[in-house]
Amino acid sequence: MRRPLLLTEPMQEKYNPAEVERQAQAHWTAIDAYRAVENDARFPKGKYYACSMLPYPSGKLHINHVRNYTINDVMYRYLRMQGYNVLMPMGWDAFGLPAENAAMANQVAPAKWTYDNIAYMKKQMSVMGLAIDWSREMAACKPEYYKWNQWMFLKMLEKGIAYRKTQVVNWDPIDMTVLANEQVVDGKGWRTGAVVEKREIPGYYLAISQPKYAEELLGDLDKLGWPENVKTMQRNWIGKSVGVRFAFTHDIKDPEGHLVQDGKLYVFTTRADTIMGVTFMAVAPEHPLATLAAANDAKLAAFIEEAKRGGVAEADVATRDKEGMPTGLFAIHPLTGAQIAIWVGNYVLMSYGDGAVMGVPAHDERDFSFAKKYQLPIKQVIDVKGQPFSIEAWQPWYEDKENGVCMQSGKYDGLPTLKAVDAIAADLAAMGLGEKKIQFRLRDWGISRQRYWGTPIPIIHCSGAEGGAPGCGAVPVPEKDLPVVLPEDLVPDGSGNPLNKDARFLNVKCPKCGKDAKRETDTMDTFVDSAWYYMRYCSPGSTEAMVDARNDYWMPMDQYIGGIEHAVLHLLYARFWTKVMRDLGLVKFDEPFTNLLCQGMVVCETFYGEGADGKTVWINPADVDLVFDDKGRAISAKSKLDGQPVVIGGTEKMSKSKNNGVDPQAIINAYGADTARVFMMNTAPPEQMLEWSEDGVKGASRFLRRVWVYAHAQHGALAAGISPLNAAKLDDQLAKARRELHGFIRDANRDIAKIQYNTVVSFAIKVLNTLEGVQASASADAREAVREGLSMLLRLLNPFAPHITHVLWNELGYHGDLLDAQWPVEDAKALQADTIEIMLQVNGKLRGSISIAATATREAVEQAALASDAAQRHLAGATPKKVIVVPGRLVNLVV
RNA sequence: GCGAAGGUGGCGGAACUGGUAGACGCACUGGAUUUAGGUUCCAGCGCCUUACGGCGUGAGGGUUCGAGUCCCUCCUUUCGCACCA
């Protein structure tokens, strides 16, 4: 509704955020402001899909969520004012481990805990003024959603993308249960304290490392507008390397008399040129040869047992001391025929390549230290520019991949690395023992979890009648029987998956033969849920298909926003899932997220004191007063609760254990959502860490109050009428103010397009600082300059503080709804200045400045510079041998 | 261990393409207003120096008329490592 330009009603005197925000939100609710409609004719620039990574419903909204969604919301409002049809949805990553932990702690079913949390967090979001289209809300734990996880799984089984194999997991020998890496603390189970073991169990995998997908996931990174660091991390994670896979031969037989692995011990290497330097081999503790050798060797068996202890997390495995033990077995070097000792190494991963490596101590740092430790021979076979080689100490050039030439390598002597690799690969191929191979570090995606609160894997195990005919095996649930519904009323007790004890769920008939059978009780990794939820937002309510035609309108997503901690796993799985959906004909695009922003974490200072029992007590920053010296340095702190001194700890990410969390709800209650939003956007660039400070929040609050007070003070004069702005005849002061204002708008536009929101807020503050020097009551020109300036300020600030700007926009009588007002741009004419100031340097040191006409030629600038007092003083009569003029910026006189 | 990113006043940060380092905000100091506290307003605020001036972007070196920005070496902090999400 259009409001009258001349207002008679009085403006509210004091800035009351609660009232302002209630008023603005009531308006948005009334007009259903954020419902996004496909092909909405109101928006000429077309669709823009901006989405945040969905939250886990942990109980309360975390400050990191608030930051994430505020960034998303600023983007929404800015783009909408630019004329885009913007979509910002929200949903819930509702399956997962924390619900089971809470269930155990509180004896409440994960479903109830999860739904309660969702209801509470949704309420919290509503007070932030987020432009969310709630009609598209989804939750991963709803059958209408996870049905499609199951459906996709069946499709992948058909295509051979999903398959079953054994996997190595953390096993708690007391609870007899599988542990997540998170539940392994210092190699021990978190509940039992028992030393964790590695155990092999069967599970389902998705073939993400198939060359078809791995290559595409690698290559398509080039198409994406993502941060380079994230793309680099994904490239390294996929880890494509070109090398040679070849076999050492042997005649080792198992107890039944069969040759182990057909007498071939395969390894993969990117440095086949060093093959003549092999002095040992190492196999993983789980390797068949290791198992065989250990059968008759108690010490080796004990070593392998020890190597299998501890968790499966790679960070643990890789930081462990590199240890080995000989198996007593030997293999034949394919080119020299030499006998090579086979060792078991605790650092060799069964899951990478063939679980065996060749040891070339002279040209691999890890092999070098291993050989030194166990006094294995070290043989140099690569020469780099004749540098002297010594086995005493490792030198980085031993590994040089560019300048090496073969030596002590027989017929390969003199060949450079690449040529040697080719020659050796060709010779191995001729012997039938090897070939060039592309190897990926990326492993297939194991999706089976031995947990209750997740998507049931739609498989039925038919083992046949006892003593009778064999069963049908693992039978996929027929599509018509989907979804396999997860019972919502079970409470886990820590000893394994409660589904295993639930007869209703467990007992079914085999879909093939109709006989008694058991359901699979493993559920899916929650990364499956997050692999495609953002497409479900685009097809809400679709019952006949996973996604429908509406998905084609919104996807691919224009901007995805979330934490850097998801840089590899979630983002890689979502990309893979999208490509599988494309291959199934469900979508037409290759990549789901065109642009990506990874926002930084919110951190806060920590404080601690000593409790009565002498233990460290962490004190919440809200309960601490800092003491400053007269230069403003914090020198000490004391508790508000008891006045006792407390120690200032480091700045760390907010956590319960350090009690340095800030409750976003409390901040909004005290200062309002606009203040919280402005503080977070202004304090750090979106991609950097944000340091929380209550004083900073106060600063943001002060700024908004000043906006309110200034707008209020101008109100009467603005209401007096409108006359055109005489831009050409403004007095110097007004012209200068206007030049500044439009300069700020120009710079703010540059930065907001780059998503550098912190400086955009700074420019809004500068706009206010300048406006405060101009009063609308001074003259008709001043009034129109203020009218223009305030209009630009409210529009510029609207994405950051939507409530206060909405209310002021209406109260000042500006036209239309601010939500869809035109985004402000600078007037180029207002920016023109007659004279400019340029810097004067002598020998690169700043020595002064000169004022000169903006149109001055290079020569004129040079003359003026030479004639200036500062130049005369610092040249001391010398003639510059060179004068560098940077137009509009500086002159440098080089003596 | 492997991979990635960062380091600028007392603090958060700014500096568009190699061209005024410290915008803007916070804290602090002085002053005004206020019964007081708070609020608000004005002024100051990198370090050293009475001044002239000198020094300053983690440390060291290099390229350049000119380096926070580019190159090399080192130190350090944060994030990820496949079953936390």
Side-chain angles (χ1 to χ4, degrees), chain A residues 53-56 58 93 96-98 167 169-170 178-184 227-230 232-233 235-237 239 311-320 322 347 351 366 441-451 525-527 530 563-570 572-573 600-601 603 626 628-635 650 652-653 679 682-685 687-691 693 695-700 702-703 705-706 709 747 750-751 754 758-759 761-766 769 837-841 843-846 849 880-884 886 889-890 892-895:
Chain A
M53 290 181 190
L54 85 178
Y56 180 80
S58 57
D93 193 9
L97 197 52
Q167 50 180 348
V169 296
N170 303 305
V178 177
L179 297 179
N181 282 336
E182 190 190 51
Q183 299 170 317
V184 178
E228 272 314 313
N229 59 334
V230 176
T232 306
M233 278 191 259
R235 277 189 202 104
N236 292 339
W237 187 262
V312 298
E314 191 174 319
D316 296 336
V317 177
T319 48
R320 215 167 284 168
K322 281 160 200 56
Y347 63 96
S351 51
R366 219 165 41 170
R441 201 189 76 98
L442 180 66
R443 307 203 290 257
D444 278 347
W445 175 12
I447 58 158
S448 290
R449 299 288 180 272
Q450 295 68 45
R451 289 182 218 300
D525 179 7
T526 55
F527 277 127
S530 56
I564 184 73
E565 66 273 21
H566 296 292
V568 177
L569 292 178
H570 159 59
L572 195 64
Y573 292 147
M601 275 191 319
V603 297
L626 288 172
F628 298 95
D629 68 7
D630 59 9
K631 297 221 168 158
R633 283 183 285 243
I635 46 172
E652 298 190 38
K653 77 174 176 186
F679 165 71
N682 184 34
T683 300
E687 294 185 275
Q688 268 183 44
M689 242 176 223
L690 186 152
E691 207 167 300
S693 105
D695 283 324
V697 176
K698 284 182 185 151
R702 192 175 305 156
F703 164 59
R705 219 158 46 222
R706 277 171 57 208
V709 168
D747 293 348
R750 180 195 65 208
D751 290 353
K754 287 192 296 185
N758 54 324
T759 53
V761 175
S762 289
F763 284 118
I765 298 172
K766 289 180 192 183
N769 290 347
E837 203 186 12
I838 64 175
M839 296 303 117
L840 174 69
Q841 292 184 341
N843 286 335
K845 280 197 190 297
L846 184 67
S849 66
K881 62 179 178 193
K882 197 171 174 187
V883 179
I884 288 150
V886 181
R889 277 189 185 269
L890 64 74
N892 188 11
L893 309 173
V894 185
V895 189

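All of these numbers come straight from a predicted model, not from anything done at the bench. In the text below, chain A, chain B and the rest are named by the order of the sequence lines, each starting its count at 1.
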For A/Asn682 and B/rA14, give me the distance from atom CG to atom C1', rounded to whole Å.
11 Å
Below 4.0 angstrom from OP1 or OP2 of B/rC24, is there any side-chain N or O of A/Asn769?
no
Identity of whatever pairs with B/rG68 - Watson-Crick or G-U, under 3.5 angstrom:
none
With heavy atoms under 4.0 Å as the rule, sort A/Lys845 into base, sugar-phosphate or nothing.
sugar-phosphate
Base, sugar-phosphate alone, or nothing: which one does A/Thr319 contact when heavy atoms must sit under 4.0 Å apart?
base
Expressed in whole Å, how much space separates the P atoms belonging to B/rA67 and B/rG58?
15 Å
Whole-angstrom distance between B/rC84 and B/rC79, as gauged at atom C1'
15 Å
Using the closest heavy atom to pick a nucleotide of RNA chain B for each, name whichever of A/Ala315 or A/Gly699 lands nearer the 5' end.
A/Gly699
NE2-CZ distance between A/His570 and A/Phe527, expressed to the nearest 0.5 angstrom:
8.0 Å
Under a 3.5 Å cut-off for both distances, is B/rA85 Watson-Crick or wobble paired, and to whom?
none
Scan A/Pro685 against the nucleic acid and name what it touches under 4.0 Å (heavy atoms): base, sugar-phosphate only, or nothing.
sugar-phosphate
Taking the side chain as every heavy atom from C-beta outward, state whether A/Asn682 and A/Ile765 have any pair of such atoms under 4.5 Å apart.
yes
Could you measure between the two C1' atoms, the one in B/rA85 and the one in B/rU69, and give it in whole Å?
37 Å
The contact string for nucleotides 2-8 of chain B, one letter per nucleotide 5' to 3', using protein heavy atoms under 4.0 Å with B, S and - for base, sugar-phosphate only and none, comes out as -SSS---
How far, in whole Å, is B/rG53 from B/rG6 if one measures between their C1' atoms?
35 Å
So what does A/His570 hit on the nucleic acid, given a heavy-atom distance under 4.0 Å: a base, only sugar-phosphate, or nothing?
nothing
State the OG1-CZ distance between A/Thr526 and A/Arg451, to the nearest 0.5 angstrom.
10.0 Å
A/Asp525 CG to B/rC84 P, in whole Å, measures 9 Å
Please work out if A/Ser448 contacts a base, only the sugar-phosphate, or nothing of the nucleic acid, heavy-atom cut-off 4.0 Å.
base
Pair assignment for B/rA4, Watson-Crick or G-U wobble, requiring both distances under 3.5 Å
B/rU78
Rounded P spacing from B/rA14 to B/rC70 in Å
16 Å
Starting at CG of A/Asp316 and ending at P of B/rC83, how long is that distance when rounded to a whole Å?
14 Å
Gap separating the CE atom of A/Met233 from the CG atom of A/Leu572, nearest 0.5 angstrom
12.5 Å
Proximal nucleotide (of B/rG13, B/rG25, B/rA85) relative to the A/Ile765 side chain:
B/rG25
If you look at every strand shown and take non-hydrogen atoms under 4.0 Å, does A/Gln183 touch a base, only sugar-phosphate, or nothing?
nothing
Measure the spacing between CZ of A/Arg443 and CD of A/Gln167 and express it to the nearest 0.5 Å.
11.5 Å
Would you check if the side chain of A/Ser693 reaches a backbone N or O of A/Gly696 as a donor-acceptor pair within less than 3.5 Å?
yes
Base, sugar-phosphate, or nothing for A/Val169, non-hydrogen atoms under 4.0 angstrom?
base
So, does A/Arg705 get its side chain near the phosphate of B/rU39, meaning an N or O under 4.0 Å from OP1 or OP2?
no
Please state how far atom NZ in A/Lys698 lies from atom P in B/rG38, giving the value in whole angstrom units.
11 Å
From the set B/rC24, B/rG13, B/rC84, return the single nucleotide nearest to any side-chain atom of A/Lys766.
B/rC24
Distance check, rounded to the nearest 0.5 Å: A/Leu846 atom CG versus A/Gln841 atom CD?
6.5 Å
Scanning all shown strands, the Watson-Crick or wobble mate of B/rU39 with both distances under 3.5 Å is none
Using whole Å, what does the distance between atom P of nucleotide B/rC83 and atom CD1 of A/Ile447 come to?
11 Å
Pairs: protein N or O with nucleotides 17-22 of chain B N or O, under 3.5 Å:
unit_1 : atom_1 : unit_2   : atom_2 : d
B/rG19 : N2     : A/Gln841 : OE1    : 3.3
B/rG19 : N2     : A/Asn892 : ND2    : 3.4

Just to be sure I understand the rule, does A/Ala700 reach a base, reach only the sugar-phosphate, or reach nothing, if contact means heavy atoms closer than 4.0 Å?
nothing
Quick one: label A/Arg451 by what it contacts on the DNA or RNA (base, sugar-phosphate, nothing), any heavy atom closer than 4.0 Å.
base
P atom, B/rG10 versus B/rC47: distance in rounded Å?
7 Å
What is the separation between atom CD on A/Glu565 and atom C1' on B/rC83, rounded to the nearest whole Å?
17 Å
Considering every strand and a 4.0 Å limit on heavy-atom distances, what is the contact class for A/Leu442: base, sugar-phosphate, or nothing?
base
Let me spell it out: for each of A/Asp695 and A/Arg443, pick the nucleotide of RNA chain B with the closest heavy atom. Which residue's pick is nearer the 5' end?
A/Asp695
Please check if the side chain of A/Gln688 supplies one atom and the backbone of A/Pro685 the other of a donor-acceptor pair under 3.5 Å.
no
Could you check whether any side-chain N or O of A/Asn170 sits under 3.5 Å from a backbone N or O of A/Val312, counting only pairs where one atom can act as donor and the other as acceptor?
yes
Contact under 4.0 Å: A/Thr526 side-chain N or O vs B/rA85 OP1/OP2:
yes
Keeping A/Arg449 on the side-chain end and A/Asp525 on the backbone end, is there a donor-acceptor pair under 3.5 Å?
no
With rounding to the nearest 0.5 Å, note down the distance linking CG in A/Leu893 to NZ in A/Lys881.
13.0 Å
For A/Val709, which contact category applies under a 4.0 Å heavy-atom criterion: base, sugar-phosphate, or nothing?
nothing
Residue matched to B/rA23 through Watson-Crick or wobble contacts both under 3.5 angstrom
none
Expressed in whole Å, how much space separates the P atoms belonging to B/rG12 and B/rA23?
15 Å
Does any non-hydrogen side-chain atom of A/Val883 lie less than 4.5 Å from one of A/Val894?
no
Please give, in whole Å, the distance from B/rC79 P to A/Met689 CE?
6 Å
Counterpart base for B/rU50, defined by Watson-Crick or G-U wobble contacts under 3.5 Å:
none
Under a 3.5 Å cutoff, is there a donor and acceptor pairing between the side chains of A/Ser530 and A/Asp93?
no
Is A/Tyr347 touching bases, backbone alone, or none of the nucleic acid, heavy atoms closer than 4.0 Å?
nothing
A/Trp445 atom CH2 is separated from B/rA82 atom C1', nearest whole Å, by 11 Å
Side chain to side chain donor-acceptor pair (under 3.5 Å) against A/Gln450, all qualifying residues, sequence neighbours excluded
A/Asp522
Given B/rC24, B/rG25, B/rC84, the nucleotide with the shortest approach to the side chain of A/Arg706:
B/rG25
How is A/Arg320 classified with respect to the nucleic acid when contacts are heavy atoms under 4.0 Å: base, sugar-phosphate, or nothing?
nothing
Using the C1' atom as the point on both nucleotides, what is the distance between B/rG19 and B/rC26, in whole Å?
30 Å
Checking understanding here: a glycosidic angle within 90° of 0 is syn, the rest anti, so what is B/rG31?
anti
